[in-house]
Amino acid sequence: MLLDPGRGWALTPAIDAVLDAWPEDSRDSVSSETHASAVELRTGVHANVGDAVTELSQLRATLKHVLDGLGLAAGASGTHPSAVWHEMKVSSRERHQQVYGSMRELARREPTFALHVHVGLPSGEAGIAAFNRLRAHVPVLLALSANSPFWQGRDTGLASARTPLFQAFPRVGIPRAFGSYGEYVRAVDLLLDCGAFPEPTYLWWDVRPQPRLGTVEIRIMDAQATVGATAALVALVQSLVRLELVDGHADAALVHAPEVLDENRFLAARDGVEAALVDPVQGRAVPVLEIAGELIGACTPHAAALGCTAQLELLGDLLDDPGPARQRLVASRAGLEGLTADFSLDFNAPLTRLQRGTV
């Protein structure tokens, strides 16, 4: 998020100034988003999580340098704690104006900020296999990443207010499973041929294939305040993809139970790591902490094979110090302006620490 310290750390529609000042040698790593007060940072393709996170740290440092020159600052969270819709501006880029034309005034609702992770796969069929099975893990990924309890200046009582806010858009949520890559292509082609939307990236599902890039993309997670928290979640996602393709970990009873997945998604958005998710195999609600512990254990050998053990181990810190609880603690002591200022301090915190420490 682009923040103005001189206006109470409010969002500021400065994306055009940021892009104009961005160094030419890394222009492919930055772009506008629907709202003019948001900026997207993108790493390149990397063989391991460590290299990707190193680049992300560099991109955050570059953004800070650019914003210092503009008298502005950056921060990351699933929502801005006090933004209101009538202060928002839609970016001028053609794609964003198309979104506004399709969504009308819904596109001007308060911006949300997410962490998207792409994992490369060798074929379309491998991509669909990973996509189908990752659907089962969307709720726990949301619970672990939840980082947006505040909205419009008030505590929503949710762990991730971003999730229901983004639900106002079409083509969101956990999509259905597909029997093959060809079935996915036929389903998307029908929508494209009928003019429902211009191209496949207008499918804003929680997890989606990205045929143009040869990836499966996880989109459910809230943006994280620190690079350390981001690294932990990226390592989990990459390890999960390998776990599912090699071991077929998720039970079919969960993979093919859309009503259970949808309910678990809501519970995760509401309660975060304190949620208990419906398990159709055990026939009971299982605490997220129990699910996460089992999942981390299953992912550990795959993280070792992928070279991201150190990053995966940071998940323990994320479980001990979840984003919603931390935000509420800071807000209780410093108010919402102080909380947003804290986002800016966390933005360039060292990778070796998940958070900067006790406030």
Side-chain angles (χ1 to χ4, degrees), residues 26 28-30 40-63 76 78 113-122 126-127 130-131 133-134 137-138 140-147 206-210 213-247 249 273 292-323 346-355:
S26 59
D28 290 343
S29 300
V30 63
E40 180 178 89
L41 300 179
R42 298 189 298 270
T43 72
V45 179
H46 292 279
N48 58 69
V49 174
D51 289 347
V53 171
T54 295
E55 184 185 355
L56 179 60
S57 297
Q58 294 166 349
L59 291 172
R60 284 191 174 205
T62 300
L63 179 59
F113 305 88
L115 166 63
H116 298 169
V117 183
H118 291 260
V119 180
L121 281 305
F131 159 84
R133 304 190 70 82
L134 283 170
H137 300 295
V138 161
V140 73
L141 289 171
L142 172 56
L144 292 171
S145 69
N147 191 38
D206 296 342
V207 54
R208 69 183 181 187
Q210 272 276 32
L213 301 176
T215 66
V216 62
E217 179 188 7
I218 286 285
R219 300 168 45 83
I220 185 58
M221 298 183 292
D222 279 5
Q224 300 298 297
T226 65
V227 172
T230 303
L233 293 166
V234 174
L236 178 59
V237 169
Q238 189 189 26
S239 301
L240 275 174
V241 173
R242 192 176 194 274
L243 171 69
E244 289 299 346
L245 290 180
V246 173
D247 297 344
H249 181 79
V273 297
E294 186 273 335
L295 204 55
I296 292 169
C299 283
T300 295
H302 297 280
L306 294 165
C308 61
T309 298
Q311 292 82 14
L312 186 69
E313 289 175 348
L314 288 171
L315 280 173
D317 295 334
L318 195 58
L319 289 168
D320 292 339
D321 187 20
D346 273 338
F347 193 73
N348 295 103
L351 175 60
T352 52
R353 293 191 63 82
L354 190 68
Q355 305 284 7

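- Not one N or O on the side chain of Asp346 forms a donor-acceptor pair closer than 3.5 Å with the backbone of Thr226.
- Contact of the Val234 side chain with the Leu56 side chain is not registered, since no non-hydrogen atoms from C-beta on lie closer than 4.5 Å.
- In terms of heavy-atom proximity, Ala298 sits nearest to Leu243 at O-CD1, 3.7 Å.
- Counting all heavy atoms, side chain and backbone alike, Gly323 lies closest to Asn147 at CA-OD1, 3.4 Å.
- Glu313 contributes atom CD, which lies 9.0 Å from atom CD of Gln311 (distance to the nearest 0.5 angstrom).
- Judged by distance alone, with hydrogens and angles left aside, the side-chain atoms of Gln224 form a donor-acceptor pair with the main-chain N or O of Ser145 at under 3.5 Å.
- Residues Leu312 and Ala235 share a closest heavy-atom pair of N-CB, 3.6 Å.
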Trace of the side chain to side chain contact (heavy atoms under 4.5 Å, CB included) decision for Val227 with Asn348: CA-CA 8 Å; Val227 172; Asn348 295 103; over 6 Å; no

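- Scanning all heavy atoms of the two residues, the minimum distance from Thr43 to Ala52 falls at CG2-O, 3.5 Å.
- Note: His137 NE2 to Leu240 CG = 5.0 Å, rounded to the nearest 0.5 Å.
- The closest side-chain donor-acceptor pair between His46 and Glu55 falls under 3.5 angstrom.
- Checking side-chain atoms of Arg42 against main-chain N and O of Asp28 turns up a donor-acceptor pair under 3.5 Å.
- The distance from atom CG of Leu144 to atom CG of Asp222, rounded to the nearest 0.5 Å, is 11.5 Å.
- Counting all heavy atoms, side chain and backbone alike, Ala130 lies closest to Leu245 at N-CD2, 3.9 Å.
- With rounding to the nearest 0.5 Å, the separation of CG in Leu295 from OG in Ser239 is 9.5 Å.
- Side-chain contact between Leu233 and Leu314 is absent, with no heavy-atom pair separated by less than 4.5 Å.
- To the nearest 0.5 Å, atom CG of residue Leu213 and atom CG of residue Leu121 are 12.0 Å apart.
- Annotation: side chain of Val117 is not in contact with side chain of Gln238 (no heavy-atom distance under 4.5 Å).
- Using a distance-only test at 3.5 Å, with no hydrogens or angles considered, a donor-acceptor pair links the side chain of Asn48 to the main chain of Gly50.
- Between Val140 and Leu236 the shortest side-chain heavy-atom distance does not fall below 4.5 Å.
- The CD1 atom of Ile218 sits 10.5 Å away from atom NE2 of His118, with the distance rounded to the nearest 0.5 Å.
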Worked check of side chain to side chain contact (heavy atoms under 4.5 Å, CB included) between Leu59 and Val30: CA-CA 9 Å; Leu59 291 172; Val30 63; over 6 Å; no

Side chain to side chain contact (heavy atoms under 4.5 Å, CB included) between Val207 and Val216, intermediate numbers included: CA-CA 7 Å; Val207 54; Val216 62; 3.8 Å; yes

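- Between the side chains of Glu40 and His116, no donor-acceptor pair is found at a separation under 3.5 Å.
- Across every non-hydrogen atom of Ala76 and Phe347, the tightest pair is N-CD1, 4.1 Å.
- Of the possible donor and acceptor atoms, none in the side chain of Arg219 sits under 3.5 Å from a partner among the backbone N and O of Arg208.
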Worked verdict on Leu141 versus Asp206 for side chain to side chain contact (heavy atoms under 4.5 Å, CB included): CA-CA 10 Å; Leu141 289 171; Asp206 296 342; over 6 Å; no

